[in-house]
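Written out below as structure tokens is the structure these notes cover.
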Amino acid sequence: MPKYFTGCYEPTSGVLACEEAITAYRELAERHGATLLPNSKVSDISVKEHQVTVKTDEVTCQANALIVSAGAWSNEVLERLDLELPLTPVRKTFAWFDADEEQYNHQAFPAFSFDTDAGMYYGFPSINQAGLKLGRHDGGESIDPNQSIQPFGEKLEDQTDLTQFLHQYFPNVHELNYGKTCMYTQTPDEKFIIDLHPSYSHVAIAAGFSGHGFKFSSAVGKALSDLLISGKANVDLSPFAINRFN
């Protein structure tokens with residue numbers, strides 16, 4: 001390990017169980033009267049002074065306010081609201097590697113991130129003996145989210161970039177188990193966009209979460225709710241304002 005590295009250990013941190021969290025969010029929303037329409041593509045949005053109409057391929061919905069949080073498809077949706085933001089969907093890769101379970105199991109080893117001269121990497125311990133998980137946070141290839149993403153391994157650097165990092169910093173980590181791909185939606189400064197539409201006070205936007213927004217979703221949802229209901233969020237959202245790109 002380089003002598004100039006600085007380490008920080010946070011004993012109260014952990015790893016989110018994403019699927020369980022999403023299931024809990026969905027169940028909670030439905031108990032409060034929400035109607036979920038998964039896999040419904042937005043075909044049109046119409047905004048009037050006190051009403052918003054959203055059309056999908058299947059239904060038409062009307063409401064007093066709207067939150068747009070469309071991930072990698074944010075540009076496509078926001079174009080219908082005459083808004084262009086610097087959002088770039090990128091292809092990202094991550095993988096699981098065989099590791100010494102005694103050393104790297106989730107009871108003994110933490111989640112981690114490394115900011116190195118070669119790039120920023122992150123990972124998780126071996127959970128349910130799946131192996132050590134590793135990904136690279138920075139970089140990525142710009143993509144069209146409507147096109148199929150090249151599977152992990154179709155590019156030489158998918159594996160070599162990760163294995164070079166492992167060999168340098170992680171002893172007793174061995175062969176690749178398997179890898180996957182995902183999408184980040186990046187802003188130029190990698191900070192989120194959480195703000196009202198510049199022209200419509202009853203339309204809020206949450207976008208550009210740059211690969212690390214999920215863990216803040218409860219707080220972001222609360223802030224957006226307050227923003228639309230009272231006109232002011234319960235936290236300072238100025239670092240995430242749209243006008244910072246002007």
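Since the model is a prediction, treat every value here as computed from it, not as a measurement.
- Pairs passing the ring-ring contact (aromatic ring centres under 6.0 Å, His included) check and including a residue from residues 218-246, sequence neighbours excluded, read F192-F240.
- Under a 4.0 Å N-O distance rule, the pair R136/D161 qualifies as a salt bridge.
- Of the N and O atoms on the side chains of Y169 and T116, not one donor lies less than 3.5 Å from an acceptor on the other residue.
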Worked check of ring-ring contact (aromatic ring centres under 6.0 Å, His included) between F170 and F112: CA-CA 12 Å; F170 283 76; F112 59 89; 4.9 Å; yes
ring-ring contact (aromatic ring centres under 6.0 Å, His included) evaluation trace for F214 with F209: CA-CA 8 Å; F214 181 82; F209 288 100; over 10 Å; no
Stepwise side-chain contact (heavy atoms from CB on, under 4.5 Å) check, L83 with I242: CA-CA 10 Å; L83 185 61; I242 290 172; 4.3 Å; yes
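- Every side-chain contact (heavy atoms from CB on, under 4.5 Å) that E154 has, sequence neighbours left out, goes to Q150, P151.
- No more than 12 heavy atoms of other residues, nucleotides or ligands sit less than 6.0 Å from atom CG of N128.
- Side chains of E84 and N75: a donor-acceptor N/O pair is absent below 3.5 angstrom, by distance only.
- Nearest heavy-atom pair, P188 versus P86, reported as atom, atom and distance to 0.1 Å: CD-O, 3.3 Å.
- Side-chain contact of D98 with Y104: a donor-acceptor pair under 3.5 Å is absent, judged by distance alone.
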Give the table of side-chain donor-acceptor pairs shorter than 3.5 Å for residues 35-49, with sequence neighbours excluded, one pair per line with atom names and distance.
residue: S40; atom: OG; partner: L37; partner atom: O; Å: 3.2
residue: S40; atom: OG; partner: E58; partner atom: OE1; Å: 3.4
residue: S43; atom: OG; partner: K55; partner atom: O; Å: 3.1

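- Counting only distance, with no hydrogens or angles, the side chain of H202 and the backbone of L66 share no donor-acceptor pair below 3.5 Å.
- Side chains of E10 and T12: a donor-acceptor N/O pair is present below 3.5 angstrom, by distance only.
- In the model, Y184 has no side-chain atom that pairs as donor or acceptor with a side-chain atom of T88 under 3.5 Å.
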